[in-house]
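Step one of this worksheet: look at the structure below.
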2 protein chains.
Amino acid sequence: MRAQRLILAAIEQDLKAAGMPPLAWYDVLWELVRAHEGRLRPYEIEERTLLAQHNLSRLLDRMEEAGLVRREILPEDGRGRWVLVTGEGRATQARIWTVYAAAIERHLGAKVDDAAAAILADGLERLTHGA
Amino acid sequence: MRAQRLILAAIEQDLKAAGMPPLAWYDVLWELVRAHEGRLRPYEIEERTLLAQHNLSRLLDRMEEAGLVRREILPEDGRGRWVLVTGEGRATQARIWTVYAAAIERHLGAKVDDAAAAILADGLERLTHGA
DNA sequence: ACGATGTAGATGCATTTGCATATATGTAGG
DNA sequence: CCTACATATATGCAAATGCATCTACATCGT
């Protein structure tokens with residue numbers, strides 16, 4: 001808990017200092033950029049980013065307003081929407097990444113070598129998965 | 001990040017289901033209970049819990065209103081306050097702990113043996129401390 | 001003793017989150 | 001078909017958070 005809070009706060013701090021949006025925006029953009037055809041349904045983004053449904057709904061409002069994503073009606077299921085990244089969304093994802101990558105390196109990479117990182121990743125993986 | 005979010009959410013969920021206050025309340029109570037004479041200054045709680053100053057200030061408002069802590073003027077330094085746990089605060093800490101401990105066991109303990117936990121703790125410790 | 005600067009804590013205001021519920025649509029059972 | 005229930009997303013409202021700033025007091029240099 002302590003490690004996560006400290007590191008996350010440090011990274012968010014770096015993003016903000018560089019005039020970038022919060023990390024959650026990046027998470028969403030990244031999922032969209034790497035998804036097939038740059039689009040996902042809200043519930044898919046939810047699952048991948050661990051954002052709460054109502055939070056994501058409003059985050060998408062803000063991102064849409066900022067021109068980074070677009071929502072489109074989905075013919076197959078009248079309840080759903082597509083969320084699509086715009087060109088500006090892709091550009092923003094790339095711009096954030098330059099800052100984010102540096103922040104990760106500074107606050108994480110610099111503190112563990114590859115072997116230690118692998119061990120940590122393995123241990124944490126075990127926590128998130130099965131019993 | 002994923003591990004922390006999932007586990008924290010699960011634990012908060014358990015607390016809420018048992019009608020307990022959020023984890024931050026416990027963190028503050030715990031620091032007070034184990035502090036000398038059951039009192040600390042706000043900035044000491046801040047350092048230990050990683051709560052932001054203005055957040056702690058208002059959390060203490062709520063906790064004071066709930067009768068779990070009391071604020072007292074500090075003669076040595078006119079700017080500062082003491083924050084003291086009340087008897088009810090101690091009782092609440094203990095009550096939360098019964099639920100919290102079970103939640104930790106369920107969401108963490110059950111997933112790693114002692115050796116793996118020690119390795120994880122060591123790796124994470126390294127992240128929070130020096131380069 | 002005095003002004004400049006630093007530190008502890010509180011607070012007004014905007015933003016974000018959480019919670020419950022609403023709306024719309026799909027699916028299954030009789 | 002029609003009712004009951006499930007799923008996808010949005011939204012009103014309350015609570016928490018972040019941000020900037022305020023007040024009060026301390027400390028330090030002159």
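First the proteins, then the strands, lettered A, B, ... as listed; each starts at 1. Every value quoted in this text rests on a predicted model; they were computed, and no experiment measured them.
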- [ ] Can you spot which of A:Trp30, A:Trp25, A:Tyr26 makes a side chain to side chain donor-acceptor pair (under 3.5 Å) with A:Gln93?
- [x] A:Tyr26
Between [options], which nucleotide has the shortest distance from any of its atoms to the side chain of [X]?
{"X": "B:Arg41", "options": "D:dG18, D:dG12, C:dA8", "value": "C:dA8"}
{"X": "A:Asn55", "options": "C:dT17, C:dA10, D:dC25", "value": "C:dT17"}
{"X": "A:Arg71", "options": "D:dA24, C:dT17, D:dA10", "value": "D:dA10"}
{"X": "A:Ser57", "options": "C:dG9, D:dT17, D:dA10", "value": "D:dA10"}
{"X": "B:Arg79", "options": "C:dT7, D:dT9, D:dT11", "value": "C:dT7"}

Open item on the list: Heavy atoms only, 4.0 Å cut-off, all strands: where does B:Asp61 land among base, sugar-phosphate and nothing?
Closed with: nothing
Open item on the list: Please report the interatomic distance CZ(A:Arg71) to CD1(A:Ile73), rounded to the nearest 0.5 Å.
Closed with: 11.5 Å
Spacing between [X] atom [atom1] and [N] atom [atom2], to the nearest angstrom:
{"X": "A:Ile73", "N": "D:dA10", "atom1": "CD1", "atom2": "P", "answer": "11 Å"}
{"X": "B:Arg81", "N": "C:dT7", "atom1": "CZ", "atom2": "P", "answer": "18 Å"}
{"X": "A:His54", "N": "D:dA8", "atom1": "NE2", "atom2": "P", "answer": "17 Å"}

Open item on the list: What I'd like to find out is whether the side chain of B:Met1 reaches to under 4.5 Å of the side chain of A:Leu23, using heavy atoms alone.
Closed with: no
TODO: Using heavy atoms to find the nearest nucleotide of DNA chain D for A:Gln53 and B:Gln53 separately, return the residue whose nucleotide is more 5′.
DONE: A:Gln53
